[in-house]
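Only one structure is covered here, and it is reproduced in the block below.
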Amino acid sequence: MPIFYGVDPCHVIGEVAVQFEKHEGFRNCLYLSKSRFKNQKVLLVADHVYKLEQLDVLVEDFNCFGPVRKVYVPLLPYNHYTRQAAVYFSWDKVCLRDKSEGTCSVQLIDGDGIYNVSGIDHFIKEVKLGECGLSYAVVSIMGPQSSGKSTLLNNLFGTNFMEMDAFKGRSQTTKGIWLARCAGIEPCTLVMDLEGTDGRERGEDDTAFEKQSALFALAISDIVLINMWCHDIGREQAANKPLLKTVFQVMMRLFSPRKTTMLFVIRDKTRTPLENLEPVLREDIQKIWDSVPKPEAHKETPMSDFFNVEVVALSSYEEKEEQFKEQVASLRQRFMHSIAPGGLAGDRRGVIPASGFSFSADQIWRVIKENKDLDLPAHKVMVATVRCEEISNEKFAHFITNEDWRKLDEEVQAGPVSGFGKRLSSILGSCLTEYDGEATFFDEGVRSSKRHQLEEKLLQLVNPAFQDVLGHIRWGMLEKFKASFDKALEIGEGFSSASTTWLKTCMSQFDEECAGAIIEQANWDTTKIRDKLVRDIEAHVSSVRTSKLSELTNQYETKLHQALSEPVEALLEGASDQTWKAVKKLHGRETESAVSGFSSALACFDIEEEIRDKMVKSLQDYSRGVIESKAKEEAGRVLMRMKDRFATIFSNDADSMPRVWTGKEDLRAITKAARSASLKLLSVMAVMRLGDETDNIEKTLAVALLDPTNNETSKKSITTSDALASSTWDEVPSSRTLITPVQCKSIWRQFKTETEYTEANKRGSNWLPPPWAIFALIILGFNEFMTLLRNPLYLGVLFVGFLLLKALWTQLDIPGEFRNGALPGLISISAKFVPTIMNLVKNLAEQGEAPPAANRENPRPSNNTSSNASSSDKPPEHKSASKTD
């Protein structure tokens with residue numbers, strides 16, 4: 001609210017008559033003031049009463065500020081301070097301030113009993129009452145109307161309460177309750193000027209406001225001044241007796257924990273000494289106390305339990321002004337440090353802190369207006385609850401907007417923050433310290449409760465940031481562990497020792513960083529985050545362990561596969577009586593070596609013995625599986641192996657040299673020997689023999705397939721006499737069976753069919769024609785023979801043709817291809833014919849006539865290839881069927 005005093009018209013509009021004479025441009029200044037104070041309320045102050053009429057001229061000019069309401073308020077005593085008056089607009093309450101003395105006053109409650117909330121709030125800010133804590137006192141004055149109460153207060157405390165103008169007559173001056181701050185008195189002292197009692201304006205019957213104002217004054221005052229005339233002492237119908245009765249009656253409605261000092265001020269003291277007046281006054285007061293109705297609990301309670309009674313006498317202000325002022329100055333000294341022990345306001349029990357004075361007074365007046373009993377201890381708790389709640393909410397709002405907190409929160413969102421706990425504890429501590437400073441004088445229980453609530457709200461607000469910090473720490477430690485652990489494994493450190501060492505290191509660092517993130521005000525537990533980090537690390541270790549174990553297992557499985565696959569294949573290819581013993585020995589040696597190394601490697605992984613045994617058993621099973629797989633693979637090619645062995649034995653002699661067929665050889669014996677060797681191979685490949693088991697498979701096959709009497713027995717029922725009419729071997733489990741008896745029979749049938757061509761071919765190996773055919777060729781071909789002799793070029797062409805046919809014969813291995821049958825031989829030769837021609841044409845110029853021996857080093861590559869293509873991926877019975885077809 002802008003208050004304009006009589007100084008500069010551009011800033012302060014006052015001293016109206018003088019300013020109008022000195023400044024012709026007042027209207028321009030008013031225009032500037034309107035633009036500056038638009039929608040605000042303006043108080044105009046004049047320094048003399050005669051200038052009030054001239055303020056009326058300004059009413060029209062200030063209509064822009066709101067509806068005009070005009071009130072005249074003379075502020076200070078005309079004989080000591082400058083007389084002032086005011087006009088204000090749209091204002092129900094007025095706060096006036098005397099610039100020269102630094103005092104400030106406000107109408108706390110108007111004559112209609114309306115509490116001035118906005119005015120008291122402005123007053124408290126002006127006098128900075130909220131900073132006083134408990135170091136303040138409240139003084140109020142009661143007394144009959146026009147008894148000089150305001151004059152006494154203005155002289156005693158330097159206030160600016162409005163005084164009665166004696167020249168205009170005796171009438172009501174103070175209406176309602178006014179409040180002002182004493183000038184020059186420590187500690188801060190507030191003075192309440194109450195409306196006088198026994199006034200004609202309210203009448204004889206309207207005493208409700210007197211009782212309400214008296215109760216209000218007793219409730220919030222430390223010291224109550226009772227202003228009374230000296231000549232009323234000793235009178236039965238004195239003017240102060242109704243007032244005392246009122247005071248004592250309303251006192252019964254208060255449940256106050258402290259005593260109130262009642263200071264009787266005897267005005268216009270006569271020659272009667274105070275020592276004689278005081279006993280009479282105290283006797284009258286005691287009579288009034290005894291006559292006042294009391295509750296049962298206080299019927300026998302003495303007045304001294306409620307009041308400290310003091311008496312002081314003052315001379316007449318009008319007749320002995322100087323003496324009056326001296327006595328007032330002496331009395332003023334008693335109000336210095338009044339709250340000290342033994343002072344006028346020494347009983348500080350139940351005092352409301354200064355910051356809650358406005359709210360407390362408002363609530364007390366509400367209760368009084370509703371005509372309820374006023375429980376001051378409960379009221380104190382209520383005020384403390386409201387004010388501490390307000391302070392708590394204010395501090396919480398300030399914390400939310402605190403720049404340090406917002407900056408810290410942003411840093412936390414961005415990444416790890418060092419010193420988080422210390423920084424946040426400092427911010428929280430400052431907030432709580434500010435709360436403690438403002439709420440320190442309120443009820444301890446309420447203050448502590450609200451502080452705890454504020455602390456919980458603050459901690460709830462910052463908890464997400466704390467969790468984010470722990471999350472950053474956990475993630476950082478996890479990444480550090482991963483990097484350090486992986487690096488340790490790379491340089492060859494043991495798995496178990498590396499994981500244990502770095503787990504301890506990272507958890508120790510995690511604990512240190514968590515300790516730096518802990519907030520002093522909170523007892524938050526980081527166990528869950530710590531346990532989660534341990535679980536994450538263990539999960540990573542488990543993952544790496546699984547990966548490393550998988551790599552290790554694959555490494556030893558690959559090693560076993562390389563060590564067993566080709567040797568087993570070679571052993572099975574040359575099947576004999578010692579084949580499976582050699583395979584068993586090879587399997588035992590390589591498996592033992594691999595298991596030994598594998599077990600040693602597993603020792604550094606710190607795994608359970610049961611798991612380690614399972615992994616070793618798995619490796620052993622894999623080793624056996626390699627042999628079984630290779631055995632089954634070789635069993636699938638058994639027909640091809642049998643034909644190769646038959647061809648080898650049939651085409652080579654005992655010294656493994658190629659046979660020279662002269663026609664005198666015993667083909668039956670050679671064929672039987674070759675078939676016996678092939679049958680031997682079949683019996684070896686029929687089952688796996690990795691243990692110490694024995695069987696009679698070879699004998700069974702020999703009897704069933706080589707015995708000449710078998711043809712006769714074949715005519716009998718298969719179910720009664722055929723040993724191979726079964727899917728299992730006697731005393732041999734199916735898990736060891738590679739070729740079933742039925743499959744052996746089918747394979748042998750196909751083998752026998754395909755090898756009969758070779759036998760027949762050798763039997764008819766004399767390819768020369770009969771002599772008569774030779775003689776006929778000579779006679780009939782004589783002319784052609786002579787033609788060749790006459791033209792040698794034909795001989796060259798024939799010779800080149802012979803060489804070409806010889807080369808094709810050798811390269812295509814025509815005898816070898818037809819050894820497996822006519823149809824397979826034709827198919828194989830047709831597939832190789834064109835590539836062979838191209839190869840011969842390419843090498844003919846370089847090599848000339850190729851030596852025949854050079855082409856016999858690998859006589860049957862195409863035979864093996866075709867056999868593999870037709871039989872390797874099918875079970876023996878299926879291959880046999882396809883070959884037969």
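For Arg447 against Tyr435, the heavy-atom pair with the smallest separation is O-OH, 2.9 Å. Minimum interatomic distance between Val684 and Ser576 (heavy atoms only, all atoms of both residues): CG2-O, 3.6 Å. Contact between Asp443 and Val446 at its shortest, heavy atoms only, is OD2-N, 3.1 Å. Looking at every heavy atom in both residues, Ala563 comes nearest to Glu590 through CB-OE1, 3.3 Å. Of all heavy-atom pairs between Glu186 and Cys188, the closest is OE1-N, 4.0 Å. Contact record, Ile697 with Ser683: CG2-O, 4.3 Å, taken as the closest heavy-atom pair.
Counting only distance, with no hydrogens or angles, the side chain of Asp362 and the backbone of Ser358 share no donor-acceptor pair below 3.5 Å. Without hydrogens or angle criteria, Ser430 side chain to Ser426 main chain gives a donor-acceptor distance under 3.5 Å. Checked by atom type and distance alone, the side chain of Asn402 never pairs as donor or acceptor with a backbone atom of His398 at under 3.5 Å. Looking at Thr500, its side chain does come within 3.5 Å of a backbone N or O of Ser496 through a donor-acceptor pair. Put simply, the side chain of Ser596 never gets that close to the backbone of Glu592: no donor and acceptor are under 3.5 Å apart. Tyr622 places no side-chain N or O within 3.5 Å of a backbone atom of His561 that could act as its donor or acceptor partner. No side-chain donor-acceptor contact under 3.5 Å links Ser565 to the backbone of Gln562. Under a 3.5 Å cut-off, the side chain of Gln521 and the backbone N or O of Ser425 do form a donor-acceptor pair. With Ser543 contributing its side chain and Ala539 its backbone, the two residues share no donor-acceptor pair below 3.5 Å. Ser448 contributes no side-chain N or O that, together with a main-chain N or O of Gly445, makes up a donor-acceptor pair within less than 3.5 Å.
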Query raised in the report: What's the verdict on salt bridge (charged side-chain N to carboxylate O under 4.0 Å, His left out) for Glu410 and Arg406, showing C-alpha distance, side-chain angles and the deciding distance?
Result: CA-CA 6 Å; Glu410 291 176 358; Arg406 294 176 66 180; 5.5 Å; no

Query raised in the report: Passes side-chain contact (heavy atoms from CB on, under 4.5 Å), Thr728 versus Thr737? Steps please.
Result: CA-CA 8 Å; Thr728 58; Thr737 302; 5.8 Å; no

Report task. Kindly determine whether Arg689 and Asp695 satisfy salt bridge (charged side-chain N to carboxylate O under 4.0 Å, His left out), including the steps that lead there. Result -> CA-CA 9 Å; Arg689 301 175 179 84; Asp695 56 68; 2.8 Å; yes

Query - Asp621/Lys617 under salt bridge (charged side-chain N to carboxylate O under 4.0 Å, His left out): CA gap, chis, key distance, verdict - result: CA-CA 6 Å; Asp621 293 342; Lys617 181 66 167 55; 3.0 Å; yes

**Report entry** Ile352 and Phe357: CA distance, side-chain angles, deciding distance, side-chain contact (heavy atoms from CB on, under 4.5 Å) verdict
**Finding:** CA-CA 6 Å; Ile352 300 295; Phe357 177 80; 5.6 Å; no

Requested in this report: Start with the C-alpha gap between Met507 and Ile537, add the side-chain angles, then the distance that decides, and say whether side-chain contact (heavy atoms from CB on, under 4.5 Å) holds.
Outcome: CA-CA 10 Å; Met507 294 312 301; Ile537 291 178; 4.2 Å; yes

Query raised in the report: Should Glu456 and His452 be marked as a side-chain hydrogen bond (donor to acceptor under 3.5 Å, both in side chains) after you check the CA-CA gap, both sets of side-chain angles, and the distance that decides it?
Result: CA-CA 6 Å; Glu456 286 185 345; His452 181 67; 2.7 Å; yes

Query raised in the report: Can you list the steps and then say if Ile627 with Leu690 is a side-chain contact (heavy atoms from CB on, under 4.5 Å)?
Result: CA-CA 9 Å; Ile627 294 178; Leu690 294 178; 4.1 Å; yes

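The environment of Gln555 atom CD is dense: over 12 non-hydrogen atoms of other residues, nucleotides or ligands sit within 6.0 angstrom. Counting heavy atoms of neighbouring residues, nucleotides and ligands inside a 6.0 Å radius, atom CG of Asp531 exceeds 12 of them. Atom CD of Glu610 has 12 or fewer heavy atoms from other residues, nucleotides or ligands within 6.0 Å.
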I'd like a table of donor-acceptor pairs (distance under 3.5 Å, sequence neighbours excluded) in which one partner is a side-chain atom from residues 472-491, with atom names and distances.
| from | atom 1 | to | atom 2 | distance (Å) |
| --- | --- | --- | --- | --- |
| His472 | NE2 | Val412 | O | 2.8 |
| Arg474 | NH1 | Asp536 | OD2 | 2.4 |
| Lys480 | NZ | Gln509 | OE1 | 2.3 |
| Ser484 | OG | Lys480 | O | 2.9 |

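Between atom CG of residue Leu602 and atom NZ of residue Lys548 there is a gap of 14.0 Å, rounded to the nearest 0.5 Å. Of the inter-residue distances, the one linking Asn116 atom CG with His122 atom NE2 reads 10.5 Å to the nearest 0.5 angstrom. A distance of 9.5 Å separates CD of Glu520 from CG of Leu428, quoted to the nearest 0.5 Å. The CG atom of Leu454 sits 10.5 Å away from the SG atom of Cys388 when rounded to the nearest 0.5 Å.
Applying the ring-ring contact (aromatic ring centres under 6.0 Å, His included) rule to Trp405 yields the partners Phe399; only residues at least two apart in sequence or on another chain are considered. Remark: Phe605 pairs with Phe495 by the ring-ring contact (aromatic ring centres under 6.0 Å, His included) rule, at least two apart or across chains. Listed by chain and residue number, nothing satisfies the side chain to side chain donor-acceptor pair (under 3.5 Å) test with Asp730 (two or more places apart in sequence, or in another chain). A search for ring-ring contact (aromatic ring centres under 6.0 Å, His included) contacts involving Trp729 returns nothing, not counting sequence neighbours.
Here the side chains of Arg423 and Asp404 are not in contact, with every heavy-atom distance at 4.5 Å or above. Within the 4.5 Å cutoff, side-chain heavy atoms of Thr553 are placed close to those of Phe598. The closest side-chain heavy-atom distance from Gln467 to Ile529 is below 4.5 Å. Residues Arg530 and Cys514 form no side-chain contact, since every pair of their non-hydrogen atoms from C-beta on lies 4.5 Å or further apart. Taking 4.5 Å as the limit, every side-chain heavy atom of Val595 sits out of range of all side-chain heavy atoms of Tyr556. Val462 places none of its side-chain heavy atoms less than 4.5 Å from the side chain of Leu408. Looking at Arg645 and Arg641, their side chains never come closer than 4.5 Å, going by heavy atoms from C-beta outward. Counting only heavy atoms from C-beta outward, the side chains of Thr501 and Ser499 never approach each other to under 4.5 Å.
The existence of a salt bridge linking Asp121 and Lys125 is excluded, since no basic side-chain nitrogen approaches an acidic carboxylate oxygen closer than 4.0 Å. A salt bridge links Glu455 to Arg451: one of the charged nitrogens lies within less than 4.0 Å of a carboxylate oxygen. One finds no salt bridge joining Lys630 and Glu634 here, because no Lys/Arg side-chain nitrogen approaches an Asp/Glu carboxylate oxygen to under 4.0 Å. Ion pairing between a basic and an acidic side chain is recognised when a charged N comes within 4.0 Å of a carboxylate O; Arg637 and Glu633 show such pairing. Under 4.0 Å is where a charged nitrogen must lie from a carboxylate oxygen, and between Glu390 and Arg387 at least one such pair does.
Annotation: cation-pi geometry satisfied between Lys457 and Phe396 (NZ/CZ under 6.0 angstrom from ring centroid, within 45° of ring axis).
Residue pairs meeting the side chain to side chain donor-acceptor pair (under 3.5 Å) criterion with at least one partner in residues 580-589, sequence neighbours excluded, are Lys584-Asp692, His587-Thr591, His587-Ser623.
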